[in-house]
Amino acid sequence: MLPYENQIFLDVLHEDGLVVAARGLSLHSVILSLLKVWCDSGNLVLVLGTHAQEEEYFITELEAQGIKPLPKIINNESNANDRENIYLQGGVLFVSARILVVDLLKNRVPVDNVTGMMVCRAHAILESCQEAFAVRLYRQKNKKGFVKAFSSSAQSFTVGFAQVERIMKTLFVKNLYLWPRFHAVVSTSLRKVSVVELHVNMTTPMQRLQNCVLDLMSFCVKEIKRVNPSLDTDDLTVENAISKSFHKLLQYQLDPIWNQLSSKTRQLVADIKTLRSVLRCLTQYDCVTFNSLVTSLRSTEYARRNSGWLLLDPAEDLFLLASQRVCGSNSASKDSEINPEHAPKWVALSEILGEVQEKLKGVPSNDAAQGINHVLVLVEDIRTGNQLKEYLTKGSKAMLQSLFRRATHHRTPAVIAQFGLAKDSSVLKRKSLDPDDPDNWLGEDEVEAFNHDSFGFPQDDTEEDIKDSYCLTMTQQEPSKSSNDPANMSCFEEQENLESLSQSQSDQLLPIITIQSFKKDGDPLALTKTLQQIQPHTVVMYDADLSAVRQLEVFQSSSPSVDLTTYFVMYGGSVEEQAYLTTLRQEKEAFEYLIKEKASMVIPADQDGKSGDCAELRRDVGQSASVAAGLPNINTRKGGIPKAPASAPTIIVDMREFRSELPALIHRRGIEIEPVTINVGDYILTPEICVERKSVSDLIGSLNNGRLYTQATAMSRHYSKPMLLIEFDHKKPFALQGRYYLSNDISASDISSKLILLTMHFPRLRLVWSPSPYATAQLFEELKEGREQPNASQAAMIGAEVASGDDEFAEKFNIAIQDFISKLPGVNTKNVSSVLRKGQSLSHLISLSKEQLSELTLNSQDADLLYSALHNVHKPVEDGSGKPMRGGKGGRWRGRSFLKRKKQ
């Protein structure tokens with residue numbers, strides 16, 4: 001371990017606390033050392049907040065060091081009995097928060113024997129309510145165990161009011177350990193890496209394109225400030241708009257007032273994020289890909305929706321320059337006529353690889369160190385990696401022509417018109433983005449999915465798949481000398497992986513290139529694993545990433561035998577360089593803010609929860625002030641008879657509801673929670689009250705697919721007071737009828753019409769609207785006051801027969817047949833299984849008598865209804881003339897003939 005890692009280990013080992021370290025400073029090595037200490041059957045340590053890749057890494061490393069017993073993973077694949085046995089065996093356990101909460105409530109965990117709890121990614125504990133609930137349950141029953149939390153996101157602690165104090169109270173820790181990169185111990189621990197900075201000059205068209213996009217972003221920012229003079233827009237600048245954390249900043253500022261903003265402001269925010277993605281694509285990808293993305297915005301749909309930047313002169317220059325980078329000054333539609341501009345970074349990469357090859361020629365193969373011929377190229381995403389692989393194996397000209405053919409084969413109408421292609425070319429559908437919906441803001445991920453066809457990458461199953469990493473080796477033949485352009489030289493071939501290399505290829509000192517994204521397969525430890533595996537002596541930072549730079553520093557300091565040389569390739573004077581510097585500045589300011597907060601922070605003596613006076617552990621939110629203050633609840637009237645102590649109020653909660661925040665809030669109000677898998681309802685308050693909880697989106701989906709009708713039927717059958725709870729966010733508006741409230745042309749397919757039909761069919765069903773989970777918890781407490789407590793075993797048995805047969809029906813019977821039979825009169829959820837099993841066909845049902853149908857329906861009344869529906873002939877009512885009447889006698893509607901006679 002490095003000196004600063006050893007110091008963090010000693011600090012957190014002796015005292016509980018929250019560790020906030022700079023990104024890339026290898027907190028995983030500290031966590032690994034702590035796990036090594038506690039890997040003993042005499043301890044029981046619970047670890048929360050880890051990913052599957054991290055758990056696999058920790059277990060693999062501990063196994064390689066010979067540590068026993070190894071940590072175990074508890075997930076949804078383990079049943080309750082197995083989990084209880086695993087808890088009793090002790091050791092280190094990686095467990096999901098939802099499962100741990102259920103096991104703590106069910107008393108399956110021997111809480112008194114728990115040595116402690118570790119929480120990774122502590123900055124997200126307020127949003128992920130289950131981790132906070134698990135820590136609270138643990139601390140209520142265990143006053144001796146430790147709580148140690150870790151985080152690598154300093155900026156997350158600066159968003160919101162007293163964020164770091166709130167997180168520390170939630171974790172029940174009193175110590176805050178800050179480890180920025182400028183910490184004295186960290187600076188002395190890390191060795192200086194040999195860095196070669198290559199500031200590549202952008203081409204003239206790229207510089208002009210960058211200026212155009214920046215002008216457009218500046219226009220959008222100024223428009224937002226002009227339209228919203230009362231809005232706090234100090235952080236809304238062009239400099240912040242190009243940083244990676246811009247979307248989090250926007251979400252924090254605009255989410256609470258999103259319903260108060262005009263549609264123009266919402267569209268301006270969406271346009272800023274769109275232009276930000278265009279700016280990123282300029283420095284990230286090739287000219288064909290950039291032109292495809294820009295041209296996809298030049299459509300009729302987007303022109304009607306945008307805030308007006310398409311009509312500006314910089315926008316016209318943007319489209320013109322993007323097209324000229326691909327086709328030259330004259331538009332062309334054939335591969336032979338185009339002259340695409342290759343990226344300047346490609347030339348720099350070719351020169352770096354040539355320099356590495358020249359160095360290897362002077363190294364004797366016998367004395368060569370391990371990994372001396374390995375070159376690791378780090379990129380931001382998989383598309384950049386695929387682009388570099390294509391360039392190194394085909395050359396720039398062949399690769400760009402191939403991308404041009406793909407871009408013109410699958411294209412939007414705007415691209416078809418630009419390149420003069422046939423009108424019957426395939427057009428791919430695009431995602432419709434509504435600026436009124438904050439969830440549809442256009443970010444980088446959305447733009448990539450939204451314009452996946454615009455990037456020219458493989459889409460057909462016959463094409464190659466885009467991978468997270470590639471392994472390339474130099475061929476024996478020298479590159480062609482016919483072209484003086486190093487970007488057109490291709491002398492590499494792709495390999496499956498490092499293991500597939502032959503012994504002769506490994507022994508020869510030819511460059512072996514590994515192209516990998518920073519987070520391969522979404523694994524935050526992917527770069528660390530790769531560095532330990534191949535131990536490269538040359539690393540090319542094709543894209544800038546702060547965490548990757550720190551990980552390279554840690555690797556060089558941990559492996560002094562490796563003479564690491566890092567080539568930092570960056571466009572000089574570009575937004576790429578500015579975004580990297582902005583990220584550095586923001587992290588430094590975040591740590592300076594935390595240092596000041598730590599100096600002035602007032603921490604209660606009982607914040608660790610180890611004493612009985614901790615305010616955070618009280619479950620008296622819904623009690624009176626006298627009871628909360630500890631005073632006895634005594635009747636002060638003369639002759640008052642003291643009440644007998646009532647049993648603790650209990651609510652039965654469905655297992656699937658523990659993904660939400662509501663169970664934790666109910667428990668905090670002093671109500672006991674009984675986790676049970678129930679088939680009818682989500683919350684059972686009393687033997688009579690059953691609650692089905694829905695969000696607005698879930699309500700709309702359940703009404704459309706008919707699932708809510710089935711749930712309401714089951715609740716009305718088994719409970720006398722069924723309730724439908726609809727939770728909404730009071731900060732985000734929604735409309736069930738649509739935007740036109742004054743219109744009366746409401747169809748039966750509208751959500752409001754379906755809600756009306758639901759209340760008409762189920763008159764005992766009560767609809768309750770709640771603005772937040774806090775209001776819902778208070779409502780539940782008030783509904784339970786003075787009522788009988790529910791029985792968990794009885795609630796679990798209700799609807800069990802129907803639920804057990806659902807899977808069997810789906811396998812044995814056709815869905816359409818099930819739907820048709822269930823809609824027949826006399827067929828309900830109780831007898832539909834018997835009818836489907838014993839009824840051979842519809843003709844067979846018609847041939848049965850009433851007695852035989854009563855055996856199928858299990859009820860004589862249901863048999864009468866089914867028999868009359870199958871056999872009785874229903875004819876329309878005839879009037880005196882012998883003609884069928886079109887409307888009911890004396891009814892409102894009398895038919896068209898009546899209107900004609902009235903006019904005559």
Side-chain angles (χ1 to χ4, degrees), residues 201-220 242 271-303 306 308-335 337-346 383-384 387 396-397 399-421 425 428 430 442 444 447-448 450-457 571 574-576:
N201 294 325
M202 301 173 67
T203 61
T204 303
M206 292 180 67
Q207 292 178 353
R208 294 178 61 187
L209 284 169
Q210 177 178 280
N211 294 333
C212 290
V213 180
L214 289 176
D215 291 343
L216 295 174
M217 294 179 68
S218 177
F219 162 78
C220 294
I242 62 178
D271 288 343
I272 288 177
K273 303 196 76 175
T274 302
L275 292 171
R276 177 169 171 256
S277 301
V278 172
L279 195 59
R280 173 177 171 267
C281 183
L282 175 64
T283 57
Q284 194 77 19
Y285 303 119
D286 56 272
C287 60
V288 178
T289 300
F290 177 78
N291 180 64
S292 300
L293 174 60
V294 169
T295 312
S296 65
L297 299 175
R298 199 174 190 176
S299 62
T300 306
E301 178 189 357
Y302 189 77
N306 85 100
W309 66 266
L310 279 175
L311 304 178
L312 301 179
D313 292 337
E316 189 64 29
D317 296 339
L318 173 67
F319 296 120
L320 182 61
L321 291 171
S323 177
Q324 289 180 356
R325 288 183 69 203
V326 179
C327 306
S329 58
N330 299 322
S331 60
S333 58
K334 296 181 180 180
D335 297 352
E337 298 178 5
I338 67 171
N339 185 22
E341 175 187 82
H342 63 258
K345 276 190 177 182
W346 296 349
R383 286 178 174 168
T384 307
Q387 174 184 277
S396 66
K397 188 173 182 179
M399 186 202 75
L400 290 174
Q401 288 179 350
S402 175
L403 287 176
F404 179 78
R405 286 193 297 269
R406 295 177 187 175
T408 53
H409 181 65
H410 296 288
R411 204 61 6 237
T412 57
V415 182
I416 294 172
Q418 176 182 348
F419 290 107
L421 301 176
S425 298
L428 300 181
R430 299 174 53 189
L442 200 61
E444 291 92 341
V447 166
E448 290 183 4
F450 172 57
N451 295 299
H452 189 274
D453 60 306
S454 305
F455 285 88
F457 285 103
Y571 286 116
S574 65
V575 293
E576 179 188 22

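No hydrogens, no waters, no symmetry mates; every other heavy atom, side chains included, goes into these values. The structure displayed is predicted, hence computed values, not measured ones.
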Say you draw a straight line from [atom1] of [X] to [atom2] of [Y]; how long is it, rounded to the nearest 0.5 Å?
X: Glu576; Y: Leu282; atom1: CD; atom2: CG; value: 10.0 Å
X: Ser218; Y: Leu275; atom1: OG; atom2: CG; value: 11.5 Å
X: Met206; Y: Thr204; atom1: CE; atom2: OG1; value: 11.0 Å
X: Ser396; Y: Gln401; atom1: OG; atom2: CD; value: 9.5 Å

Counting C-beta onward and ignoring hydrogens, is there a side-chain heavy-atom pair between [X] and [Y] closer than 4.5 Å?
X: Thr203; Y: Pro344; answer: yes
X: Val575; Y: Leu214; answer: yes
X: Pro205; Y: Glu341; answer: yes
X: Val213; Y: Trp309; answer: no
X: Met399; Y: Gln387; answer: yes
X: Arg280; Y: Tyr285; answer: yes
X: Asp286; Y: Pro340; answer: no
X: Arg383; Y: Thr289; answer: no

Shortest non-hydrogen contact from [X] to [Y]?
X: Cys287; Y: Leu400; result: SG-CD2, 4.4 Å
X: Met202; Y: Tyr571; result: CG-CD2, 3.6 Å
X: Phe290; Y: Cys281; result: CA-SG, 3.8 Å
X: Pro314; Y: Asp215; result: CG-CB, 4.2 Å
X: Arg325; Y: Leu209; result: CD-CD1, 3.4 Å
X: Asn291; Y: Thr295; result: O-OG1, 2.5 Å

Taking the side chain from Ser296 and the backbone from Leu293, do they hold a donor-acceptor pair closer than 3.5 Å? yes
Is Ser292 reaching over with its side chain to a backbone N or O of Val288, donor-acceptor style, under 3.5 angstrom? yes
Quick one: do Thr274 and Leu297 satisfy side chain to side chain contact (heavy atoms under 4.5 Å, CB included)? Show the steps, please. CA-CA 9 Å; Thr274 302; Leu297 299 175; 3.9 Å; yes
Do Ser574 and Gln210 have a side chain donor and acceptor closer than 3.5 Å? no
Could you note down all residue pairs passing salt bridge (charged side-chain N to carboxylate O under 4.0 Å, His left out) where residues 310-320 supplies at least one of them, sequence neighbours left out?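 Listed by first then second residue: Arg298-Glu316.
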